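Working notes, structure below.
Bear in mind the structure is a predicted one, so any value in this text is a computation, not a measurement. Along the sequence shown, the residues carry numbers beginning at 1.
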Amino acid sequence: MREGRTRSILLYRAVSMTSADMASGLLHHDLLQDYYVISNNFNDDPQFTDLVRQAEVAIDNGILPERISQGSSGSYFVKNNHGTIIGVFKPKDEEPYGRLNPKWTKYLHKICCPCCFGRSCLVPNQGYLSEAGASLVDAKLHLNVVPKTKVVKLSSETFNYTRFDREKSRAKKIVSERFPNVGRHFHRIGLPRKVGSLQTFVEGYKDADFYLRRFESEPLPAELASQFQRRFERLVLLDYIIRNTDRGNDNWLIKYEKPDLVESLDTNDITDWGLVNRGSIDVAAIDNGLAFPFKHPDSWRAYPYHWAWLPWAKQPFSSETKELVLPLLSDMNFVQELCDDLFNLFKTDKGFDRHVCERQMSVVRGQILNLTQALRDNKSPVQLVQMPAVIVERSKGRVGTTARFRSFSDTFTQSFQEKSPFFSWC
C-alpha cells in the first residue's frame, strides 16, 4: 500500500512539474549522483575495455547480471550478448557491510553481535579497491595468478537499489517520454551506475579444496607437482604482500588437466601410444577484497593464511620464484612506485583518507621487507608467516619530496608490532 502511494506521488509530481522545474530538479540530482566519475575506458588495456563494453551491450539488450548465491555480499556474474559469463562484478555499496548488501546475514551480524562487527584492521567498504589493488600487485610482479580486475561503473535492474532510486528512474522515463526537450538534458535515464570491481571470469577452475583433497589420494606426477609448487608460491607472494585476511581453501582456484595417453593419428595402428598429453595445472587467486589492512591484526582474530598448513608451504621457495621477484622487491624505487600506484588507485574512492592510506602502505612495505629477507635466506612459506610483523613508516617531521606524499618524509623507520590477537589460530 505504501509503495503504491509513494509511486503515485512521484509520478504525479513528475507529470505536473513544468519543464523548468524538471531541469532544475531531476536533472540537478542526476548530475550530483554521478559527480564521482569513473571512466570505463582503459586506454592502456583495450582488451579489458572491450570486456566492459560487452557487458554494457548485454545489459542494454536485457541479458542482465545474475546475483551469486554464495558469499556474504552482493556479487554478480556478468554476461556478454551470448549469455556467456565473462566477469564478476562486486558493487561497493553491496559489500559485506555496505548499506545495500542484499544478504541478510551480515545485517544480523551487525545487530546481534556489534562487538565483533567487521575487521578492525581494514578500511570499511573498500573491498572493491582491494580487489583491483591485488590485480595491480599481481601485474607489477608478473605473478599471473589474479584474473584481471579493475574499477568500473555498471547499472542493472538485478542490482540492489533503494526504492527511491527505482522510482526516480521510472519518473525520468515518463518525463523523457512526455517532455522530450527536458529528457534530452538528463545525464542518464535508467538506474544510477554503481561503482565496483569487475574481475575477468576464468573457466575450467574449481575450488582449491576440491583438488587438494583429491591430491591426497591421487598424488600429482613429478612434473606437474613441480609446476603446482611454483604456482602455489606465487599465490603465497601475493597474499603476503597485500596481507590478505581472508584466504581459505575455498577462495582460490585450481585448474587441473590430468595427463593422458593419446592414441596415434593412424587409426590402422592401434599399438602406437607414443604421443602423450602431459597435462597441466594452474592457480587463480580470487576474492581479494579483504586485504591491504592499515595495521596488522591485533584484536580478536589473527586471520592467518590457511595455505600455511598445506604440505607445499613447507618447501623452500624455488629458484624460479626468487629470480622472478627478488630483483624487483630489492629495489626500493620499485617498491615506492608500487605504493604510488596503489595510492593513485585508492584515492579514487570518495571517502579516501590519505593518512590511512599511508598506514596501509606502511604494512605493504613491511611485508615486502620480510618477504625479501625470507627469499634471501631460503625460507619456506610457513617460515615466512612465522616472521615478526613489521611496519615500515615514513618518518614524520619534514616534508616529502614526491608530489603524492608532500606531507610525509622521504625517510623510513622500521618497527615491530608488539600487540598480538587474542586468538592466534583463527
Next item on the list: Calculate, to the nearest 0.5 Å, the distance between atoms OH and CZ belonging to Tyr303 and Arg243 respectively.
Entry: 10.0 Å
Checklist line | Any donor-acceptor N/O pair, Asn61 side chain to Ile63 backbone, under 3.5 Å | finding: no
Checklist line | Qualifying salt bridge (charged side-chain N to carboxylate O under 4.0 Å, His left out) pairs, either residue in residues 375-392, two or more places apart | finding: none
Check: Short question: side chain of Thr49, backbone of Phe42 - any donor-acceptor pair under 3.5 Å?
Finding: yes
Margin query: Using side-chain heavy atoms (C-beta onward) and a distance below 4.5 Å, is Val123 in contact with Asp349?
Written below: no
Next item on the list: Evaluate the side-chain proximity of Leu198 to Val52: yes if any heavy-atom separation is below 4.5 Å, no if none is.
Entry: yes
Next item on the list: Please list all pairs passing the salt bridge (charged side-chain N to carboxylate O under 4.0 Å, His left out) test where one or both residues lie in residues 74-91, with sequence neighbours left out.
Entry: Glu66-Lys79, Lys90-Glu131, Lys90-Asp287
Check: So do Leu310 and Asn249 actually touch side chain to side chain, heavy atoms under 4.5 Å?
Finding: yes
Next item on the list: Measure the spacing between OG1 of Thr84 and CD of Gln54 and express it to the nearest 0.5 Å.
Entry: 9.5 Å
Check: Does the pair Lys255 and Glu203 meet the rule for a side chain to side chain contact (heavy atoms under 4.5 Å, CB included), with working shown?
Finding: CA-CA 9 Å; Lys255 183 178 182 180; Glu203 297 183 357; 6.0 Å; no
Item checked: For Asp207, side-chain hydrogen bond (donor to acceptor under 3.5 Å, both in side chains) partners two or more places apart -> none
Notebook entry, point to check: Tyr305 vs Trp307 aromatic rings, parallel, tilted or perpendicular, using cut-offs 30° and 60°?
Noted result: parallel
Item checked: Pairing residues for Asp353 by the salt bridge (charged side-chain N to carboxylate O under 4.0 Å, His left out) criterion, not counting sequence neighbours -> none
Note to self: Once side-chain contact (heavy atoms from CB on, under 4.5 Å) is applied, do any residues pair with Thr413, and if so which ones, sequence neighbours excluded?
What the structure shows: Glu393, Ser395
Item checked: Whether Asn101 side chain and Pro96 backbone form a donor-acceptor pair below 3.5 Å -> yes
Next item on the list: May I ask you to decide if Pro388's main-chain N or O and Asn370's side chain share a donor-acceptor pair within less than 3.5 Å?
Entry: yes
Next item on the list: Kindly compute the distance separating CZ (Arg234) from CG (Asp239), expressed to the nearest 0.5 Å.
Entry: 14.5 Å
Margin query: My understanding is that only residues two or more places apart in sequence, or in another chain, count here; which of them pass side-chain hydrogen bond (donor to acceptor under 3.5 Å, both in side chains) with Glu95?
Written below: none
Next item on the list: Classify the side-chain pair Glu233/Ser318 by whether it contains a donor and acceptor separated by less than 3.5 Å.
Entry: yes
Item checked: Short side-chain donor-acceptor distance under 3.5 Å, Glu223 and Gln227 -> no
Margin query: Please give me the minimum heavy-atom distance between Val335 and Leu329, naming the atom from each residue.
Written below: CG2-O, 3.7 Å
Checklist line | Nearest atoms (heavy-atom pairs only) where Phe352 meets Phe346 | finding: CD1-O, 3.3 Å
Margin query: Please determine whether the number of non-hydrogen atoms from other residues, nucleotides or ligands lying under 6.0 Å from atom CG of Asn43 exceeds 12.
Written below: no
Item checked: Test side-chain contact (heavy atoms from CB on, under 4.5 Å) applied to Asp250 - qualifying residues, sequence neighbours left out -> none
Next item on the list: Please confirm whether the backbone N or O of Asn125 pairs with a side-chain atom of Lys92, one donor and one acceptor, at under 3.5 Å?
Entry: yes
Next item on the list: Quick one: do Tyr205 and Asp282 satisfy side chain to side chain contact (heavy atoms under 4.5 Å, CB included)? Show the steps, please.
Entry: CA-CA 9 Å; Tyr205 287 77; Asp282 203 357; 3.3 Å; yes
Notebook entry, point to check: Looking only at heavy atoms, what is the nearest atom pair of Ala308 and Val382, with distance?
Noted result: O-CG2, 3.8 Å
Item checked: Ser226: partners by side-chain contact (heavy atoms from CB on, under 4.5 Å), with sequence neighbours left out -> Arg230
Notebook entry, point to check: Do Lys140 and Phe334 touch side chain to side chain, with heavy atoms closer than 4.5 Å?
Noted result: yes
Checklist line | Any side-chain heavy-atom pair of Ile59 and Pro65 under 4.5 Å | finding: yes
Margin query: Tell me the closest heavy-atom pair linking Tyr240 and Gln367, and the distance in Å.
Written below: O-NE2, 2.7 Å
Note to self: Rounded at 0.5 Å granularity, tell me how far OG1 in Thr348 sits from CG in Leu129.
What the structure shows: 5.0 Å
Note to self: Can you give me the closest heavy-atom contact between Thr372 and Ser330, atom names plus distance?
What the structure shows: CG2-OG, 3.8 Å
Notebook entry, point to check: So Leu342 and Gln360, side chain to side chain contact (heavy atoms under 4.5 Å, CB included) or not? Walk me through it.
Noted result: CA-CA 10 Å; Leu342 288 171; Gln360 290 176 286; over 6 Å; no
Item checked: Value rounded to 0.5 Å, distance of CZ in Phe294 from SG in Cys121 -> 7.0 Å
Item checked: Side-chain donor or acceptor of Ser362 paired with backbone N/O of Ile391 under 3.5 Å -> no
Next item on the list: Sequence neighbours left out, what passes side-chain hydrogen bond (donor to acceptor under 3.5 Å, both in side chains) with Asn144? Give chain and number order.
Entry: none
Check: So do the side chains of Asn288 and Leu238 get within less than 4.5 Å of each other, counting heavy atoms only?
Finding: yes
Item checked: Which residues share a salt bridge (charged side-chain N to carboxylate O under 4.0 Å, His left out) with Glu218, sequence neighbours left out -> Arg214, Lys258
Notebook entry, point to check: Heavy-atom distance under 4.5 Å between the side chains of Ile68 and Tyr76, does that happen here?
Noted result: no
Note to self: Just by distance, no angles: are the side chains of Asn378 and Lys322 close enough, under 3.5 Å, to form a donor-acceptor pair?
What the structure shows: yes
Next item on the list: With rounding to the nearest 0.5 Å, note down the distance linking CD1 in Ile242 to CZ in Phe292.
Entry: 5.0 Å
Next item on the list: Measure from the side-chain N and O atoms of Asn251 to the backbone N and O of Asp246, and report whether any donor-acceptor pair falls under 3.5 Å.
Entry: yes
Next item on the list: Output all residues satisfying side-chain hydrogen bond (donor to acceptor under 3.5 Å, both in side chains) with Ser156, sequence neighbours left out; order by chain, then residue number.
Entry: Thr158
Check: Relative to the ring of Phe232, is the ring of Trp312 parallel (under 30°), tilted (30 to 60°) or perpendicular (over 60°)?
Finding: tilted
Next item on the list: Run the salt-bridge test on Glu167 and Arg170 with the 4.0 Å N-O cut-off and return the result as yes or no.
Entry: yes
Check: Would you call Lys350 and Val195 a side-chain contact if the rule is heavy atoms closer than 4.5 Å?
Finding: no
Check: Within the side chain of Thr149, is there an N or O that forms a donor-acceptor pair under 3.5 Å with the backbone of Pro147?
Finding: yes
Next item on the list: Work out which heavy atom in Tyr161 is nearest to a heavy atom in Leu191; give both atom names and the distance.
Entry: CE1-CD1, 3.5 Å
Check: Hey, is Arg166 close enough to Glu157 for a salt bridge, meaning N to O under 4.0 Å?
Finding: yes
Notebook entry, point to check: Yes or no on side chain to side chain contact (heavy atoms under 4.5 Å, CB included) for Phe48 and Val152, after CA distance, side-chain angles and deciding distance?
Noted result: CA-CA 11 Å; Phe48 196 87; Val152 303; 4.1 Å; yes
Next item on the list: List for me each residue that meets salt bridge (charged side-chain N to carboxylate O under 4.0 Å, His left out) alongside Lys194, sequence neighbours excluded, and say none if there are none.
Entry: Asp93, Glu94
